[in-house]
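Quick note: residue numbers are just sequence positions, from 1. We use all heavy atoms of the structure for the numbers below, so side chains are in, but hydrogens, waters and symmetry mates are not.
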Amino acid sequence: VHSSDNGYFLGERGLGDKRALYEEGLRIPYIIRYPRLFPKGKLVDEMVINQDLAPTFLDLAGLPAHPGMHGVSFKPLALGNKPADWRTSFLCYYSRDLGPTPTCRGIRTENAKLIVYKDKPEWTSVYDLKTDPYELNSLPADGPLAQQLTTELEKHMKAVGFTQ
């Protein structure tokens, strides 16, 4: 398994860091080679998150994941069998340490994203990723897409006991 840290902004959006929930800083590549099981050259573009790594490794070793783990094995995806209940959204979060990016949380769905900045409601960003894949034009923070994404964000936060 080869991976990396999430990407840095190299001037995109006037930023030079990675601690924001835009696509450039949110996406992480995973390159997996397991010739006994996974077909060569298979591209999986489903939503796989960091928490899926441990359950996947356990699954590949023939062991069950601990019930308290938040992730899910992506072995079926690598085999070309997308489970009917595979995730269609995920919670993302950045807690400010040093630097200019304030604490933010968000929800990323297959086609949209909401980014909410703590103590900065005027910075709330809503993107329709189908029509605006580069996140150039934020939609109204009180519009129908924002309301739908806020409901999804609250559902994910409640599921993991997120309180910030």
Side-chain angles (χ1 to χ4, degrees), residues 1-32 41-53 55-56 70-74 76-78 80-164:
V1 175
H2 297 275
S3 186
S4 74
D5 195 2
N6 49 331
Y8 276 89
F9 297 101
L10 299 174
E12 297 94 348
R13 305 169 199 288
L15 300 172
D17 201 349
K18 61 181 177 180
R19 297 178 183 105
L21 302 180
Y22 298 110
E23 291 297 290
E24 299 91 340
L26 193 60
R27 289 183 169 259
I28 301 172
Y30 294 120
I31 301 170
I32 300 172
K42 173 81 175 157
L43 173 66
V44 174
D45 198 30
E46 311 307 328
M47 291 186 178
V48 173
I49 58 176
N50 290 351
Q51 288 88 343
D52 296 335
L53 288 174
T56 301
H70 291 293
V72 179
S73 173
F74 58 81
L77 295 176
N81 305 314
K82 181 180 175 182
D85 62 348
W86 192 257
R87 78 175 51 87
T88 57
S89 62
F90 64 89
L91 170 69
C92 37
Y93 177 74
Y94 167 69
S95 179
R96 182 179 179 182
D97 49 23
L98 298 174
T101 305
T103 295
C104 54
R105 62 181 175 264
I107 193 78
R108 169 65 157 87
T109 71
E110 293 170 315
N111 299 314
K113 184 187 295 176
L114 169 70
I115 305 170
V116 179
Y117 295 88
K118 186 176 182 179
D119 302 324
K120 300 270 186 190
E122 68 277 13
W123 288 13
T124 297
S125 301
V126 181
Y127 298 102
D128 178 337
L129 300 174
K130 273 188 152 181
T131 61
D132 183 17
Y134 299 109
E135 302 165 297
L136 299 175
N137 300 298
S138 182
L139 299 173
D142 60 352
L145 182 58
Q147 292 172 4
Q148 175 188 347
L149 292 170
T150 298
T151 299
E152 186 75 6
L153 175 62
E154 289 169 354
K155 178 183 91 175
H156 277 270
M157 290 172 58
K158 183 177 180 182
V160 296
F162 186 90
T163 58
Q164 293 189 10

Could you give the distance from [atom1] ([X]) to [atom2] ([Y]), rounded to the nearest 0.5 Å?
X	Y	atom1	atom2	result
Met157	Glu154	CE	CD	7.5 Å
Glu152	Leu91	CD	CG	10.0 Å
Leu149	His156	CG	NE2	10.5 Å
Thr103	Tyr94	OG1	OH	7.0 Å
Leu145	Asp128	CG	CG	6.0 Å
Ile31	Ser3	CD1	OG	8.0 Å

I want to check something: taking the side chain as every heavy atom from C-beta on, are [X] and [Y] in contact at a cut-off of under 4.5 Å?
X	Y	value
Leu26	Lys113	yes
Arg105	Phe162	yes
Asp52	Tyr30	no
Tyr127	Leu136	no
Thr88	Thr109	no

Parallel, tilted or perpendicular: which fits the ring planes of Trp123 and Tyr117, with parallel below 30° and perpendicular above 60°?
-> perpendicular

[X] (side chain) donor-acceptor with [Y] (main chain) under 3.5 angstrom:
X	Y	result
Trp86	Met47	yes
Asn111	Lys130	no
Thr56	Phe74	yes

Where do [X] and [Y] come nearest, in terms of heavy atoms and distance?
X	Y	value
Pro83	Leu77	CD-CD2, 4.0 Å
Glu135	Glu23	OE1-N, 3.0 Å
Ala78	Lys42	O-CG, 3.9 Å
Val126	Ala141	CG2-CA, 4.2 Å
Arg108	Glu110	NH1-O, 3.5 Å
Cys104	Ile115	CB-CG2, 4.2 Å

Atom OH of Tyr93 with >12 non-hydrogen neighbours under 6.0 angstrom = yes

Go through Ile49 and Arg87 one step at a time and tell me if the side chain to side chain contact (heavy atoms under 4.5 Å, CB included) criterion holds.
-> CA-CA 10 Å; Ile49 58 176; Arg87 78 175 51 87; 3.6 Å; yes

